[in-house]
Each structure stands twice: as C-alpha cells, then as structure tokens.
Amino acid sequence: MIRFRFIGRLAATAAAAFGLAALLAAPQAARAAYPDRPITLVVPFPAGSGTDAVGRIFAAELGRLLNGQVVVENKPGGNATIAASYVARAKPDGYTLFVTTNTSHSAAPFLMKNIPYDPVKDFTPIARGGNLPFILVVNPKLPVKTVQELVAYAKAHPGKLTYASGNSTGIVAGATLARRAGIDIVHIPYKGTPQAITDVVGGQVDMMFTDVASGLPFVQSGKMRALAVSTAARSAVVPDIPSMEDAGISDFDINSWNGYFGPAGMPPDVVHTLNTAINKIVAEPQVRKQLAGLGFDAFSGTPDDFAAFVAQQLQLWGKLIKDAGIDQQ
C-alpha cells in the first residue's frame, strides 16, 4: 500500500512537471509560428511618397520571406507623429510594424512642443533600411540653374520666393539653406511630399527639398530642375547632381534615414526574425537594384546598431533645428 502511494505521488509530480513545462513552452510555440496572421506595416506619409514606395517593396519581400502577408497602412500627417503614436500604443506582438524616417524619431521632438510618444522608450528598434537622399529642386520657369544663381535671385527678391515641405527633412533643409545663404524665403508646409511636388510643378510654389525617389521622375521629365543634393558629398544614387558643398554652400549636410520599429516590449525572437529578414532583403541584388531605381541607398545592421544610431540622430537633428533657427510649433 505504501509503495503504491509513493508511485502515485511520483506520477502526480511528473504530470504536474509536464503540465508546467507545457505552459512555459506554450508562448514559445506560439511565437515560433510567427507570423500566423497578416502583419500591418504603418507608413507615416501619403501613398506616392518615397517612404511609401520603399516600404511597399520591403513589405512584399517580408511577406515572401516570412511566408505571410504584410499589409501597408498609410497614416500621414503631424510630421509623422500620428502614425508614430498609433504604433507606440499598439500591442507589441510583431503584427504592427513601423517604417519611418528621421521625421518622427529625430526631428519632430524639436519641431513640435508636444508629441504623444517618446522616440526612444516607446519603440523597439528592429533594423535600419537605408538612406533616402534629398535634392533641391525648382520650378523650371524660375530663371536659375545653380544654387548660387538661386541665392542671387532670392537676394534680389527678398521674401518673394517660396519653398514647400512635405516632411521634416524638407523643413529643416529649407530653413538651413536660408540661414547659411542669408536669404529670405517663405516656407509653405504640406501634409506630404506628393502634394508639395504637384504645386512646385504647377508653379504655385518655387522650390523644395524632396527625396530622390519622389522627385527624380519629375526632374527627368523636365517638370522640375535639380540644383543640388542636400549633403556635403555627392550621392552615389544621383552622382551627376552637385552636392551642396560643390554648389558653394559650406557646412550643409542633411540626410534622411529610413528604418523599422515596433512598439516597445516586442519579443526578442520576433525582433530577430524580422531583423534577419530585413538584412536578407537589402543583400538581395535584384531588390537593391529596384530600390536604387527609386533613389534609395539600402543597407541594414543589428537592432543594437539601430538603437545607437537613433539616439545619435536625435542629438544631431536637435542641433540642426536649433542652428537653422526654427521655432517649435
């Protein structure tokens, strides 16, 4: 009788241990199946913008690599803060992702007095996507073909020239040009790049800094004229366009970065899965060629690399905005 009870206790203990192990393994098993339903990739700019175009390529490739579906959802406005706050409040399960730029995570904290999220604490960094070079473009009817001619024209017509912006890079680059060159130009903000380009092409606005992906087709068709890239060195994506340094504007180096986040607290194994997939995407020659055709310089790295980069860019853009003399709105 005693032996029977002992064996019974052993069996009960083993069953309990098995049950506990099954409970502990259940979350791992659930995450191992990731993704088991569609993933939403939130874009903070309108359809037709550079970030949207690049994001849709990544979404398609992510879906292929993960054997799932990645759906793009555009949430433009508020200097990308509408989309950022939406993602920050989402469940951190890997099914709501964010492809964004320096607008939401580097510039908005300094351009706006209050934003409804913390760009570091409220997000899980997943991977860099690359850089989106910007170019200074003008309406072709404006009688200027170089940056120096533009500066001379602006000085001869103070307060008459207007520049559009569809994101933070456009805002900061325009204000920086005005400060560095000592010219008086009027800022016309837009909700997104496509609308801004439409008005530059139509002549309602004189010029803007736009990402290469959005602006280059209009430059190639002659509907806009490119004067310079917004960096100190020429861009490998558009090597024939002068840099701001080449154009005679010193200490001008503004670039737009692109990267992927999720809400804070994502499972490490899901982050690893997504990071691995994104690194595979940027290493694929055909995808790189497709992205380069949009004017996008694709590269990636580890989540830790990206986290350190985001922290560094936050400081850099704070200085850029202060130096440009931009007041918070």
Undergrad: Could you walk me through whether Leu314 and His105 pass side-chain contact (heavy atoms from CB on, under 4.5 Å), step by step?
TA: CA-CA 7 Å; Leu314 193 59; His105 276 65; over 6 Å; no
Undergrad: I need the Leu274 CG to Asp269 CG distance, nearest 0.5 Å.
TA: 10.0 Å
Undergrad: With a 4.5 Å limit on heavy-atom distance, are the side chains of Met208 and Ile197 in contact?
TA: yes
Undergrad: Looking only at heavy atoms, what is the nearest atom pair of Ser106 and Trp257, with distance?
TA: OG-NE1, 3.1 Å
Undergrad: Looking at every non-hydrogen atom in both residues, tell me the closest pair between Ile115 and Pro109 and how far apart they are.
TA: CD1-CG, 3.8 Å
Undergrad: Are Val54 and Leu291 side-chain neighbours, meaning at least one heavy-atom pair lies under 4.5 Å?
TA: yes
Undergrad: Please test Thr103 against Asn79 for side chain to side chain donor-acceptor pair (under 3.5 Å), starting from the C-alpha separation and ending with a verdict.
TA: CA-CA 6 Å; Thr103 291; Asn79 282 325; over 6 Å; no
Undergrad: What do the steps show when you test Ser49 against Asp52 for side chain to side chain donor-acceptor pair (under 3.5 Å), and what is the final call?
TA: CA-CA 5 Å; Ser49 63; Asp52 175 76; 5.2 Å; no
Undergrad: If you compare all heavy atoms of Ile278 against all heavy atoms of Ser300, which two are closest, and at what distance to 0.1 Å?
TA: CG2-OG, 3.8 Å
Undergrad: Determine whether Tyr260 and Val42 fall in the same hydrophobic cluster, where Ile, Leu, Val, Met, Phe, Trp and Tyr are linked whenever their side-chain heavy atoms lie under 4.5 Å apart.
TA: no
Undergrad: How many angstroms lie between atom CD1 of Ile171 and atom CG of Asn167, to the nearest 0.5 angstrom?
TA: 7.0 Å
Undergrad: Report whether Val229 and Phe134 are members of the same hydrophobic cluster (ILVMFWY, side-chain heavy atoms less than 4.5 Å apart, transitive linking).
TA: no
Undergrad: Are Leu177 and Met244 side-chain neighbours, meaning at least one heavy-atom pair lies under 4.5 Å?
TA: yes
Undergrad: Apply side-chain contact (heavy atoms from CB on, under 4.5 Å) to the pair Asp93 and Arg37, showing each step before the final yes or no.
TA: CA-CA 11 Å; Asp93 54 7; Arg37 63 181 188 273; 2.9 Å; yes
Undergrad: Would you compute the distance between atom CG of Asp118 and atom OG of Ser85 and round it to the nearest 0.5 angstrom?
TA: 13.0 Å
Undergrad: With hydrophobic residues grouped by side-chain heavy-atom distances under 4.5 Å, do Trp317 and Phe123 end up in a single group?
TA: yes
Undergrad: Are Tyr163 and Val138 linked, directly or through intermediate hydrophobic residues, by side-chain heavy-atom contacts shorter than 4.5 Å (ILVMFWY only)?
TA: yes
Undergrad: Quick one: closest heavy-atom pair of Asp211 and Gly50, and the distance?
TA: OD2-CA, 3.4 Å
Undergrad: So does Ala232 get a backbone contact from the side chain of Asp253, meaning a donor-acceptor N/O pair under 3.5 Å?
TA: yes
Undergrad: For Gly78 versus Met112, what's the shortest heavy-atom pair and its separation?
TA: O-SD, 3.7 Å
Undergrad: Would you say Pro44 and Ser104 make side-chain contact, with heavy atoms under 4.5 Å?
TA: no
Undergrad: So does Gln315 have more than 12 non-hydrogen atoms from other groups sitting under 6.0 Å from CD?
TA: no
Undergrad: For Thr169 and Thr101, what are the C-alpha separation, side-chain angles and deciding distance, and is it a side-chain contact (heavy atoms from CB on, under 4.5 Å)?
TA: CA-CA 9 Å; Thr169 303; Thr101 69; 5.8 Å; no
Undergrad: Is any side-chain N of the basic residue among Arg180 and Asp251 closer than 4.0 Å to the acidic one's carboxylate O?
TA: yes
Undergrad: When rounded to the nearest 0.5 angstrom, what distance separates OG in Ser165 from CZ in Phe209?
TA: 11.5 Å
Undergrad: What do the steps show when you test Asn275 against Thr302 for side chain to side chain donor-acceptor pair (under 3.5 Å), and what is the final call?
TA: CA-CA 7 Å; Asn275 178 269; Thr302 69; over 6 Å; no
Undergrad: Might you point out which heavy atoms bring Ala181 and Ile249 nearest each other, and give the distance in Å?
TA: CB-CD1, 4.3 Å
Undergrad: Are any of the side-chain heavy atoms of Phe58 and Val282 separated by less than 4.5 Å?
TA: yes
Undergrad: What I'd like to find out is whether the side chain of Met207 reaches to under 4.5 Å of the side chain of Leu227, using heavy atoms alone.
TA: no
Undergrad: For this output row, return yes or no: ring centroids of Tyr95 and Tyr34 closer than 6.0 angstrom.
TA: yes
Undergrad: Just so I know, are the side chains of Asn102 and Ser168 near enough to count as touching, which here means a heavy-atom distance under 4.5 Å?
TA: yes
Undergrad: Are Val70 and Val271 connected, step by step, through hydrophobic side chains (Ile, Leu, Val, Met, Phe, Trp, Tyr) whose heavy atoms are closer than 4.5 Å?
TA: yes
Undergrad: Hey, could you give me the CG/CG distance between Asn279 and Leu65, rounded to the nearest 0.5 Å?
TA: 11.0 Å
Undergrad: Below 6.0 angstrom between ring centroids: does that apply to Phe306 and Phe261?
TA: yes
Undergrad: Can you tell if the side chain of Val205 reaches within under 4.5 Å of the side chain of Val200, non-hydrogen atoms only?
TA: yes
Undergrad: Could you walk me through whether Val219 and Val238 pass side-chain contact (heavy atoms from CB on, under 4.5 Å), step by step?
TA: CA-CA 11 Å; Val219 172; Val238 282; over 6 Å; no
Undergrad: Between Ser243 and Asp246, is a side chain to side chain donor-acceptor pair (under 3.5 Å) present by the stated rule, with each step listed?
TA: CA-CA 5 Å; Ser243 69; Asp246 293 337; 3.1 Å; yes
Undergrad: If you measure from CG on Leu150 to CG on Leu142, what distance do you get to the nearest 0.5 Å?
TA: 6.5 Å
